[in-house]
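Each remark here refers to the structure printed beneath this line.
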Protein chains: 2
Amino acid sequence: MNIGEVSQRSGLPAKTIRYYEDIGLVTPLRGANGYRRFRESDMHKLLFLARARQLGFSIEDCRDLLALWEDKGRASADVRAIAQGHLTRIEARIADLRAMQATLADLVCACAGDARPDCPILQDLARD
Amino acid sequence: MNIGEVSQRSGLPAKTIRYYEDIGLVTPLRGANGYRRFRESDMHKLLFLARARQLGFSIEDCRDLLALWEDKGRASADVRAIAQGHLTRIEARIADLRAMQATLADLVCACAGDARPDCPILQDLARD
DNA sequence: CTTGACCTTCCAGTGACGGGAAGCCCTATC
DNA sequence: GATAGGGCTTCCCGTCACTGGAAGGTCAAG
């Protein structure tokens with residue numbers, strides 16, 4: 001398979017796939033013409049990566065997850081620890097965003113949003 | 001005021017304040033020794049920026065908000081539009097994160113997390 | 001033989017800074 | 001007056017995970 005087909009089948013942009021090779025997440029073969037030649041196993045890795053990235057795992061998390069996936073003698077505890085750490089970070093991020101959302105929603109609600117200059121949003125940002 | 005005091009009073013790192021000058025958000029004066037000299041008005045701007053950034057506004061949003069703040073004849077509708085757009089993006093981001101969180105929480109819950117290799121998390125990531 | 005799609009590498013930019021080097025300035029102390 | 005220390009300056013590189021674009025090689029169809 002050339003990169004175009006892999007890109008289609010995985011949903012990952014070709015640029016991203018090349019990047020993943022650069023940083024050592026996949027190592028496709030090379031044809032005589034210099035083109036990358038992807039095996040089915042490369043395809044599987046890329047699908048795995050695409051799904052892990054969709055779940056918001058960092059590239060380094062993905063690297064570790066891939067290694068555990070390949071390691072048939074792994075302990076599921078190691079996988080769980082990565083996922084748990086990621087989940088905790090996501091929950092913290094959600095809490096932050098929800099705080100922003102609450103404040104912003106209040107402010108937007110309090111602002112008339114008309115042609116006059118008085119604006120509770122700016123007042124709040126400029127409060128002393 | 002020198003940058004150190006401004007940094008203390010605003011809570012912004014000195015590096016960040018220099019960066020804000022670089023991109024034209026504040027323009028402190030300069031002393032004969034080359035040091036930045038901040039006026040009270042610069043201080044107010046930086047506090048304004050710090051609060052807007054805490055609410056997650058992008059730098060470009062902040063630039064626009066600052067301009068509106070300075071413009072005494074502004075329409076509050078313009079401010080509200082920026083805040084509303086930002087709020088919408090935050091809500092979308094929260095929705096994304098909540099989807100990740102739900103999936104991850106399920107997977108973490110389903111994984112024994114012991115010394116054995118079988119792991120629903122990896123199974124899900126590698127599903128065909 | 002040409003066209004156009006596909007592939008290659010390399011370089012630069014994103015957002016919003018942070019780290020660190022090299023060097024000047026100011027104050028206090030000896 | 002020398003020195004030590006802290007604060008200030010600029011400059012450049014690194015972050016994260018790509019994305020865009022330029023310049024050029026390769027392949028299949030007409």
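Within every chain, numbering begins at 1; the chains are lettered A, B, ... in the order of the sequence lines, protein sequences first and strands thereafter. Note: hydrogens, waters and symmetry copies are ignored here, and every other heavy atom, side chains too, is used.
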Nearest of C:dC17, C:dC7, D:dC18 to any side-chain atom of A:Asn2? C:dC7
Euclidean distance, atom CD of residue B:Glu5 to atom P of D:dC8 [Å, nearest integer]: 10 Å
Interatomic distance where CD1 belongs to A:Ile17 and C1' belongs to C:dT8 [whole Å]: 15 Å
Between B:Lys45 and B:Asp42, is there a side-chain N and carboxylate O pair less than 4.0 Å apart? no
Look at all strands and tell whether A:Phe57 reaches a base, only sugar-phosphate, or nothing, counting heavy atoms closer than 4.0 Å. nothing
Across the strands shown, which category fits B:Arg30 at heavy-atom distances under 4.0 angstrom: base, sugar-phosphate, nothing? sugar-phosphate
In this structure, how many angstroms lie between the C1' atom of C:dC25 and the OH atom of B:Tyr35, rounded? 4 Å
Rounded off to whole Å, could you give me the NZ-to-C1' distance for the A:Lys15 and C:dA12 pair? 10 Å
Linking I/L/V/M/F/W/Y whenever their side-chain heavy atoms sit closer than 4.5 Å, directly or via other members, would B:Tyr35 and B:Tyr20 fall into one cluster? no
CD1 of A:Ile59 versus C1' of D:dC18: gap in Å, rounded? 9 Å
Atom CZ of A:Arg89 and atom P of D:dC16 are separated, to the nearest Å, by 12 Å
Is any side-chain N or O of B:Asn33 closer than 4.0 Å to OP1 or OP2 of D:dC8? no
Is the ring pair A:Phe57/A:His86 parallel, tilted or perpendicular, if the boundaries are 30 and 60 degrees? tilted
Just checking, any donor-acceptor pair under 3.5 angstrom between side chains of B:Ser76 and A:Asp118? no
From the candidates D:dT10, D:dT19, C:dG18, the one with an atom nearest any side-chain atom of B:Thr16 is C:dG18
Do the side chains of B:Glu60 and B:Arg63 get close enough for a salt bridge, i.e. N-O under 4.0 angstrom? yes
Mind checking if A:Arg53 touches a base, just sugar-phosphate, or nothing, with heavy atoms under 4.0 Å? sugar-phosphate
Can you identify which nucleotide, out of D:dT19, C:dT9, D:dC11, has its nearest atom closest to the A:Arg18 side chain? C:dT9
For A:Arg37 and C:dC7, is the shortest distance between a side-chain N/O and OP1 or OP2 below 4.0 Å? no
Without decimals, in angstroms, what is the distance between A:Leu49 CG and D:dA17 C1'? 13 Å
Classify A:Ile23 by what it touches in the nucleic acid, base, sugar-phosphate, or nothing, heavy-atom distance under 4.0 Å. nothing
Integer-rounded Å distance: D:dT9 C1' and B:Asp22 CG: 12 Å
Could you check which of C:dG18, C:dT8, C:dA16 has an atom nearest any side-chain atom of A:Ile3? C:dT8
